[in-house]
Amino acid sequence: WAYPSGFNPYRLKFFDFLFAFGVFLLVFVGYILTLTPSLGAGDNGELVTTLYNMGAGHPPGYPLYGIVGKLFTFLPFGDIAYRVNLFVAFFGAGAALFLYLFMVKLLGFNRDKERIDLFVHFPAIAASFSFGFSYSHWGQSVGGEVYPMNVFLVSLMLFVMYLWYEEMLYYRQEEKLHFAEKKTLFLFFVMGLSLTNHQLPLWYIVAYIVVLLPTTIAIIVLDRSKNFGMEFSSRIGVFLAIGILGIITLISFVDIGFVKRLLFPKDVPQVLLTIFLVPTFLTIYTIFVKLIQPQKNWVDKFLEILTYGVWLFIFALSIYMYLWVRAKAIADLPDPKPLSWGDTQRLDILFNHMLRKQYGVGGAREFNYPLGQWLVVLKYHFEQFHVVQFVFAMIGIVYLFLKEKIWATFSLLAMFILSLALILFINFEINARVILFEQVFFIQNFLFLGVFIGFGYQLLLDVVNWTVSKSLKKI
């Protein structure tokens with residue numbers, strides 16, 4: 001019912017990976033030619049210093065940025081700042097690579113010709129370059145900032161999400177339920193990893209939980225036999241227990257993340273309970289099923305995979321312990337100690353750092369100008385590309401809806417949730433300096449504008465092809 005025209009995924013070919021590498025290489029060269037030669041403005045000096053000293057950056061600490069970036073400081077050319085800038089440029093170009101792979105999957109859906117196709121590959125390449133050299137992403141990719149790595153992780157996450165979605169639905173009518181196990185586990189890990197550079201991808205994960213996950217389950221359930229529903233009913237109590245524990249976890253997370261201004265040692269048990277409550281229940285249930293070996297039920301297999309996935313998610317998040325380990329190491333060094341933002345030796349201080357508590361929620365200001373803030377957000381999106389490309393993006397949204405309603409809904413909801421969250425949590429003032437500074441938080445939204453531009457280009461090519469074909473038939 002969701003795909004009346006059939007569900008025929010585009011299979012990546014050898015030349016797709018060549019095109020992806022070509023996009024990466026050309027964008028990377030463009031960044032190198034415009035790279036900041038040494039230290040730049042803003043947070044660049046602090047980030048380079050803390051990265052080189054293996055300390056914590058300003059909240060949330062950016063541990064993945066620090067760990068991977070440290071490797072680039074061993075390059076045998078340029079000063080330390082230049083090497084860090086090169087590291088950032090590398091991942092900025094990597095975002096364009098995964099955007100191409102994501103785009104070619106979407107654009108080629110139900111139109112795979114097993115060869116290079118102008119109507120698929122040109123829009124994907126053009127959209128990738130459009131985003132790679134968009135205003136904010138290009139500017140951040142040549143100046144040693146943390147946001148290009150964030151967008152790289154988001155583009156990787158979107159690509160893996162699509163691979164997961166594609167495999168789940170392609171095999172949905174098999175007699176034995178297909179769980180896309182490898183891609184499911186990898187997706188959980190990538191989701192956790194995406195949060196170890198910045199928390200911005202969280203809101204896309206929320207959109208996945210709201211749109212893609214339930215829609216995928218609904219499509220699969222409606223295509224299955226009655227036995228499938230009966231097996232689910234026999235485990236309804238387990239789902240109710242998970243639901244109750246999930247609500248408790250959510251309430252606790254809201255309390256520690258947003259209600260409490262700061263966390264203290266007495267709050268650490270609550271944080272740990274929030275992290276481990278649901279995974280512990282899932283683990284106990286999975287072990288129990290393994291021991292008693294009841295009649296086979298797809299729900300048990302589903303919960304087993306979910307258990308592994310949740311622990312992989314937490315394992316990826318454990319990269320934040322790097323800040324704790326390094327704080328312990330730095331504490332024993334003589335003064336002057338290497339620069340590190342905050343003493344994250346204690347878990348309560350580490351959690352405050354991870355949750356960006358020093359900034360507060362809503363900037364500790366009243367919400368006096370929400371309409372003006374939304375207009376600024378729209379302005380951010382409009383300024384990233386040439387006006388002609390922006391027109392193609394608006395057309396592309398409509399074409400994407402006509403071709404793939406589920407992913408169009410997910411894309412727009414993800415953009416909206418991120419924008420709403422940033423307005424609520426930052427509550428930025430409307431003045432020239434703040435407006436310029438806050439723009440970088442929305443770069444992952446601009447990634448979706450690149451997707452829309454690609455569909456706008458594809459529509460143009462389809463219309464031209466249809467017009468020419470119709471004219472030739474009249475001759």
Side-chain angles (χ1 to χ4, degrees), residues 56 59-61 63-64 184-185 187-206 208-210 213 235-291 299-300 302-325 327-328 342-361 421 424-425:
L64 188 63
T184 300
L185 297 180
L187 177 58
F188 271 94
F189 178 78
V190 171
M191 283 179 173
L193 193 67
S194 72
L195 300 175
T196 60
N197 183 67
H198 206 291
Q199 283 89 16
L200 291 171
L202 171 65
W203 308 108
Y204 284 13
I205 296 173
V206 171
Y208 165 82
I209 295 171
V210 172
L213 182 60
R235 298 290 190 273
I236 194 69
V238 181
F239 281 101
L240 287 174
I242 294 172
I244 292 170
L245 295 177
I247 292 172
I248 294 172
T249 298
L250 180 62
I251 293 172
S252 181
F253 176 73
V254 170
D255 181 48
I256 62 177
F258 308 114
V259 176
K260 291 180 177 176
R261 181 64 185 86
L262 287 173
L263 300 178
F264 298 95
K266 64 181 179 63
D267 299 309
V268 170
Q270 181 185 349
V271 176
L272 296 176
L273 180 68
T274 304
I275 296 172
F276 294 111
L277 181 61
V278 172
T280 301
F281 174 81
L282 288 171
T283 302
I284 293 172
Y285 179 80
T286 299
I287 294 173
F288 176 74
V289 169
K290 293 284 186 183
L291 291 175
V299 174
D300 296 333
F302 168 78
L303 293 177
E304 180 183 352
I305 295 170
L306 181 62
T307 302
Y308 300 147
V310 171
W311 282 114
L312 275 173
F313 181 87
I314 294 173
F315 174 71
L317 279 177
S318 69
I319 290 175
Y320 273 102
M321 293 305 293
Y322 169 79
L323 305 179
W324 178 79
V325 172
K328 291 283 188 182
D343 185 6
T344 52
Q345 293 185 76
R346 283 178 17 200
L347 286 180
D348 58 315
I349 298 177
L350 175 63
F351 291 140
N352 281 319
H353 204 77
M354 291 169 58
L355 295 170
R356 302 167 62 87
K357 287 291 188 178
Q358 79 169 57
Y359 302 116
V361 177
L424 291 176
F425 296 137

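For clarity, every value in this text was computed on a predicted model and none was experimentally measured.
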Fit a plane to each ring of F288 and Y285, take the angle between them on a 0 to 90° scale, and name the class: parallel (under 30°), tilted (30 to 60°) or perpendicular (over 60°). tilted
Of all heavy-atom pairs between P60 and Y320, which one has the smallest distance, and what is that distance? O-CE2, 3.4 Å
Rounded to the nearest 0.5 Å, how far does CG of L317 lie from CG of L64? 11.0 Å
Gap separating the CE atom of M321 from the CG atom of L350, nearest 0.5 angstrom: 6.0 Å
Identify each donor-acceptor pair in which a side-chain atom of residues 268-275 lies under 3.5 Å from a protein atom, sequence neighbours left out, and give them as a table.
unit_1 : atom_1 : unit_2 : atom_2 : d
Q270   : OE1    : K260   : NZ     : 2.8
Q270   : NE2    : S252   : OG     : 3.2
Q270   : NE2    : D255   : OD2    : 2.9
T274   : OG1    : S252   : OG     : 2.5
T274   : OG1    : Q270   : O      : 2.8

Which atom of V278 lies closest to which atom of T249, heavy atoms considered: CG2-OG1, 3.6 Å
As an exercise, state the distance from CG of L185 to OG1 of T307, rounded to the nearest 0.5 Å. 10.5 Å
Is there a donor-acceptor pair under 3.5 Å between the side chain of S194 and the backbone N or O of P201? no
At what distance, to the nearest 0.5 angstrom, does CG of L263 lie from CD1 of I256? 6.5 Å
Under the ring-ring contact (aromatic ring centres under 6.0 Å, His included) test, which residues partner Y208, sequence neighbours left out? W164
Can you tell me how far the NE2 atom of H353 sits from the CG atom of L347, to the nearest 0.5 Å? 14.0 Å
Does F264 offer a backbone N or O that forms a donor-acceptor pair with the side chain of R346 under 3.5 Å? no
Atom pair CZ (F302) and OG1 (T184), whose distance is rounded to the nearest 0.5 Å: 9.0 Å
So which heavy atom on A316 is nearest to which on G192, and how close? CB-C, 3.6 Å
Where do F276 and T280 come nearest, in terms of heavy atoms and distance? O-OG1, 2.6 Å
Correct closest heavy-atom pair for P63 and I319 would be CB-O, 3.6 Å
For F253, enumerate each residue passing the ring-ring contact (aromatic ring centres under 6.0 Å, His included) test, keeping only those at least two apart in sequence or located in another chain. F258
Using distance only, find each side-chain donor-acceptor pair of residues 308-315 under 3.5 Å and give its atom names and separation, not counting sequence neighbours.
unit_1 : atom_1 : unit_2 : atom_2 : d
Y308   : OH     : E304   : OE2    : 2.8
W311   : NE1    : T283   : OG1    : 2.7

So do V254 and V259 actually touch side chain to side chain, heavy atoms under 4.5 Å? yes
Which pairs pass salt bridge (Lys or Arg N to Asp or Glu O under 4.0 Å) with one or both residues in residues 235-254, sequence neighbours excluded? R235-D300
Would you say that N352 contacts Q358 through its side chain, given a criterion of any heavy-atom pair below 4.5 Å between the two side chains? no
Please find the pair of heavy atoms, one from Q199 and one from L195, that lie closest to each other, and give the distance. O-CD2, 4.0 Å
Residues two or more places apart in sequence or in another chain: which of them pass ring-ring contact (aromatic ring centres under 6.0 Å, His included) with W324? none
Is any side-chain heavy atom of I284 closer than 4.5 Å to one of I287? no
